[in-house]
Engineer: 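Encoded as structure tokens, here's the structure I'll be asking about.
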Number of protein chains: 4
Amino acid sequence: MALPKFIAARTEEVQAKRERRKEARPGELLDAALDLFVEKGFAATRAEEVAARAGVSKGTLFLYFPSKEELFKAVVRENISGRFAEWNDEFQAFDGSTADMVRYCMRVWWDRLGATRASGITKLIIGEARNFPDITAFYQQEVIKPAQDLIRRILQRGVDRGEFRIADMDYALFSITAPMVFLVMMKHSLGACMPQDYPLDPERYLASQVDTLLHGLLVRGDEKNDKNDKNDKNEPGEGRKKK
Amino acid sequence: MALPKFIAARTEEVQAKRERRKEARPGELLDAALDLFVEKGFAATRAEEVAARAGVSKGTLFLYFPSKEELFKAVVRENISGRFAEWNDEFQAFDGSTADMVRYCMRVWWDRLGATRASGITKLIIGEARNFPDITAFYQQEVIKPAQDLIRRILQRGVDRGEFRIADMDYALFSITAPMVFLVMMKHSLGACMPQDYPLDPERYLASQVDTLLHGLLVRGDEKNDKNDKNDKNEPGEGRKKK
Amino acid sequence: MALPKFIAARTEEVQAKRERRKEARPGELLDAALDLFVEKGFAATRAEEVAARAGVSKGTLFLYFPSKEELFKAVVRENISGRFAEWNDEFQAFDGSTADMVRYCMRVWWDRLGATRASGITKLIIGEARNFPDITAFYQQEVIKPAQDLIRRILQRGVDRGEFRIADMDYALFSITAPMVFLVMMKHSLGACMPQDYPLDPERYLASQVDTLLHGLLVRGDEKNDKNDKNDKNEPGEGRKKK
Amino acid sequence: MALPKFIAARTEEVQAKRERRKEARPGELLDAALDLFVEKGFAATRAEEVAARAGVSKGTLFLYFPSKEELFKAVVRENISGRFAEWNDEFQAFDGSTADMVRYCMRVWWDRLGATRASGITKLIIGEARNFPDITAFYQQEVIKPAQDLIRRILQRGVDRGEFRIADMDYALFSITAPMVFLVMMKHSLGACMPQDYPLDPERYLASQVDTLLHGLLVRGDEKNDKNDKNDKNEPGEGRKKK
DNA sequence: AATGAATGAGCTTTCATTCAT
DNA sequence: GATGAATGAAAGCTCATTCAT
């Protein structure tokens, strides 16, 4: 009898929220956390702000994730490492030339990671790796190692099939990751430091880097072979000039 | 009305400190600050730790620099922006081919910045630009703009002398800075994330990037010209294969 | 990544505190703050001490008030400026002679402000106005101006009804506020400097000051009118009809 | 031989300073300290600022005064308590009516203290007495007590000579000091809080307060006597013979 | 006598995490 | 499950005072 109108008024609203509770909560929190971690970095992201952006209270955040660090790990798993299995399968099933496989790899990386918010995590790691050794170790094991293994397998396939000639596998790996790192830096941080808008078109940049790389990697005699392979269905051809 | 909490018989120790008073202090503090800023970033570096590393107390730091932000700016001036004048003069006086000038520029950058601790400041800026707008603005004005102007002048010289053919100056600038940024990331952060030590030889990496770039920039007919210019006295030639 | 430093078995104590949560907190903090601001002044009052006196921790204070300055403003609003509306209404409804209105005003001021802890805020402002311009501006706008306007309206009513003859309104205002200020100084500060207890009876002092003032303000012909309204000098009679 | 020109250049300048050293130093420091204490209060006045204003270094200040508190006491002695002996003699030698003596007292106070910077010390004491018990005790003993004794002697003289009729000596004292305190508050603090410039003429205010007081104090039969002595209300007559 | 570099306790404010409801 | 009030360690900066020169 005391505050019936007030309680009644809140009931519907609360009801509405209950609908998407339990299962939705962690996802909303991870989503908010990704935004904020990418925007501010790990240390500067406040737990309360994550909760607020997810529409829940601070307490609820810690109900789902025992600490800010665990929240971060969950964000990484959700957005990056959790997908390696799928990608591994995808590349396992790939049956074009290895040159196309490399091109496809680059493109998939850009479409599914590089161009998304998730790439900001790389920037975050670069900035804060040394301050959070646990996170660094986690990232190293859950992201960097699998990614390198994946790329390494691709390159090794090229070698095994006589398509690639690779003197130093580590150096080759690095030639593939370097442009990725650079693009991500531009996108998430350096771009903001530039006086004018940088006219960097990520897809063209990546394509040109890949081509440069391939012409160094490819066994010379096979070069024309590569050209012929280019139109396979997985990678419909790079001939575009713009965009 | 604070009371002296210690009567102290550390006379000798204090004596030793007085020796290198006033002139030495700011330098020692800047040195310690550079170390810590590079290691931990701006936000995570505690003023007291800087002071401790310089062998003084918290209060002494603020005797020389009115705030952490001013300390950071002083570090940047000391290690980067304060040197642009000298570099500008150096390039003003350069009279070889512009291709050699670009090679020389890259090499000078690596020797005097990239290979030193100061390059860590770039990593710091990448990680924290968005959280400290004042610092970003300062860095943008004191470092990025002068650096771009310097490089732009070099490229323009190439164009004016008929050596270079440049369609888009901004894009050309970016082709020069990209490898710098990438190297710095590897050195200060990603390297620590790598399972094995990356076998990246910075000087070879830079040289190869420059060559790739030049063969795109150079006016075709002048290409042999460039080859001839290579032996100018300022930068006696890049023909080395290793290291 | 702070760690809980205590596991704490103070359950009962905590229980008791939760009882009067949220609604009670701000009031308790304002109460403690008023005590300490009056006792020590603004600058010398430590936030932690306010919190401790309110029975909460340092952090809790800043949960309710974003800064020490805002805490102070809230204290002023709670104890002084928030009451002007009510007082304005009260005087709007007054329908005795304006002389009685002045006496009533003095008495109300003493009963509701002068005699309470809140009057110590005046002492604080006197001592620290020059060191905290923001606070001074706030106090000037939220307290001094409304108070002067209120008194000015009373005096103007006397003039409009032919009861008072006032040459200089500002000077007249000052004649009313001077004894208030003096009493407050005695109560909160000078009294503590006096060797013996000062035998100052505030109510008698105020009544005598008012009478002196009125005999100067009153239009001579009305003087006997006024005389009729008042019964004794300690208790000057409250001819008001309403409220 | 090392820096002869530099040393020579400084010599003259230093020489000039030596001229007024030793004796002048404490006076300059007291002068600067009075300014700053009055402007900012005791706690908020920084020792270094006092030294700077006196043209010496921080260390020198503590060479002459062992602590900020002692500096303050010295300021009080220099500007207030050190003068009581002289004033006592002056009043000892006075041989006009006691009414004139009271008027003279008020005027002398205003001319030599109230109207000078030194009156700001009263404001300072009001604001900070409770925070600095040592200072309060000192002020109480060195200023308030002598001042009260002086006034008390004057009033007692009036009683002894049959000029005054005083029921309660403490209350009478207070009637004399109240206007002094009020004027000082207006001058040093409240004035700054007032929206418009207050039209308070200190000398008229004091004269009128004294007259009001005297007509209450004076034995009725002597009243006409007193009337004869005074000429106009702005300048209430200086019946004193000496000095 | 004079200097000023050095000190460190002390103050306001922030924020991850806890826990009674 | 969800909440949000409460905590307290930690960080930047100030300033009276000391003391070797």
Side-chain angles (χ1 to χ4, degrees), chain A residues 14 17-18 21-22 25 43-51 56-64 66-69 71, chain B residues 1-8 11 14-15 17-19 21-22 25 43-49 51 55-69 71, chain C residues 1-8 11 14-15 17-19 21-22 25 43-49 51 55-69 71, chain D residues 14 17-18 21-22 25 43-51 56-64 66-69 71:
Chain A
V14 168
K17 272 184 184 170
R18 299 265 175 200
R21 255 181 201 166
K22 242 171 180 166
R25 281 279 173 271
T45 291
R46 291 172 16 197
E48 185 158 27
E49 205 177 348
V50 173
V56 300
S57 76
K58 214 179 345 181
T60 304
L61 169 61
F62 286 93
L63 200 63
Y64 288 98
S67 72
K68 201 167 111 174
E69 249 183 67
L71 172 64
Chain B
M1 309 303 85
L3 299 175
K5 288 295 180 317
F6 59 103
I7 310 297
T11 313
V14 167
Q15 202 104 342
K17 268 179 190 170
R18 301 266 173 188
E19 307 282 307
R21 208 158 42 182
K22 198 164 187 178
R25 281 282 171 267
T45 293
R46 292 183 303 118
E48 186 157 20
E49 204 176 349
V56 300
S57 77
K58 208 177 0 177
T60 303
L61 169 61
F62 290 97
L63 207 58
Y64 290 95
F65 305 96
S67 70
K68 199 169 122 176
E69 214 168 296
L71 173 63
Chain C
M1 321 284 99
L3 299 175
K5 288 296 182 315
F6 59 103
I7 309 297
T11 313
V14 166
Q15 201 105 342
K17 269 180 189 169
R18 300 266 171 189
E19 306 284 308
R21 209 157 42 184
K22 198 165 190 179
R25 282 282 170 269
T45 292
R46 293 184 301 119
E48 187 157 21
E49 205 177 348
V56 299
S57 77
K58 210 174 1 178
T60 303
L61 169 61
F62 289 95
L63 208 59
Y64 290 95
F65 305 96
S67 71
K68 198 169 121 176
E69 214 168 297
L71 172 63
Chain D
V14 167
K17 272 184 184 170
R18 297 263 176 203
R21 254 179 202 167
K22 243 171 180 168
R25 279 280 172 272
T45 291
R46 292 172 16 202
E48 186 157 27
E49 205 176 348
V50 173
V56 300
S57 75
K58 213 179 347 182
T60 305
L61 169 61
F62 287 93
L63 200 63
Y64 287 97
S67 72
K68 201 167 109 173
E69 249 183 66
L71 171 64

Engineer: Where is the tightest heavy-atom contact between C/K68 and C/A43, given as atom of each residue plus distance?
Structural biologist: NZ-O, 3.3 Å

Engineer: By nearest heavy atom, map D/G59 and B/G59 onto DNA chain F; which one lands nearer the 5' end?
Structural biologist: B/G59

Engineer: Once you round it to whole Å, what is the distance between P of F/dC13 and CZ of B/F62?
Structural biologist: 4 Å

Engineer: What is the distance from CZ of C/F65 to P of E/dT14, rounded to the nearest Å?
Structural biologist: 15 Å

Engineer: Reckon B/Y64 has a side-chain N or O less than 4.0 Å from the OP1 or OP2 of E/dA5?
Structural biologist: no

Engineer: Please tell me which of the listed nucleotides, E/dA16, F/dT17, E/dT3, lies nearest to the side chain of A/A47?
Structural biologist: E/dA16

Engineer: If I compare all heavy atoms of B/P66 with all of B/F62, which pair ends up nearest, and what's the gap?
Structural biologist: O-CD2, 3.9 Å

Engineer: Give a yes or no on this: more than 12 heavy atoms of other residues, nucleotides or ligands lie within 6.0 Å of atom CD of B/E69.
Structural biologist: yes

Engineer: Among F/dA2, E/dA16, F/dG12, which nucleotide sits nearest the side chain of A/K58?
Structural biologist: E/dA16

Engineer: Testing the basics here: between C/A47 and C/L61, what is the closest heavy-atom pair and its distance to 0.1 Å?
Structural biologist: O-CD2, 3.5 Å

Engineer: Taking only side-chain N and O atoms of C/S57, does any of them lie within less than 4.0 angstrom of OP1 or OP2 on F/dG8?
Structural biologist: no

Engineer: Between D/A43 and B/T45, which residue's closest nucleotide on DNA chain F lies nearer the 5′ terminus?
Structural biologist: B/T45

Engineer: My understanding is that only residues two or more places apart in sequence, or in another chain, count here; which of them pass side chain to side chain contact (heavy atoms under 4.5 Å, CB included) with A/S57?
Structural biologist: A/T60

Engineer: As a check on the pairing definition, encode DNA chain E in dot-bracket form, counting Watson-Crick and G-U wobble pairs whose two distances are under 3.5 Å, and using | for partners outside this strand.
Structural biologist: .||||||||||||||||||||

Engineer: Whole angstroms only, please: what is the CD-C1' distance between B/E48 and F/dC13?
Structural biologist: 11 Å

Engineer: Between A/L63 (CG) and E/dA16 (P), how many Å, whole number?
Structural biologist: 17 Å

Engineer: Given atom CG of B/L61 and atom P of F/dC15, what is their separation to the nearest angstrom?
Structural biologist: 16 Å

Engineer: Measure from CZ on A/R46 to P on E/dT14 and round the result to the nearest Å.
Structural biologist: 9 Å

Engineer: Judged by each residue's nearest nucleotide on DNA chain E, which is more toward the 5′ side, A/P66 or C/P66?
Structural biologist: C/P66

Engineer: Rounding to a whole Å, what distance do you find between B/R25:CZ and E/dT7:C1'?
Structural biologist: 12 Å

Engineer: In this structure, how many angstroms lie between the P atom of F/dA11 and the CG atom of B/L71, rounded?
Structural biologist: 16 Å

Engineer: With a 4.0 Å cut-off on heavy atoms, is B/K68 in touch with a base, just the backbone sugar-phosphate, or nothing at all?
Structural biologist: sugar-phosphate

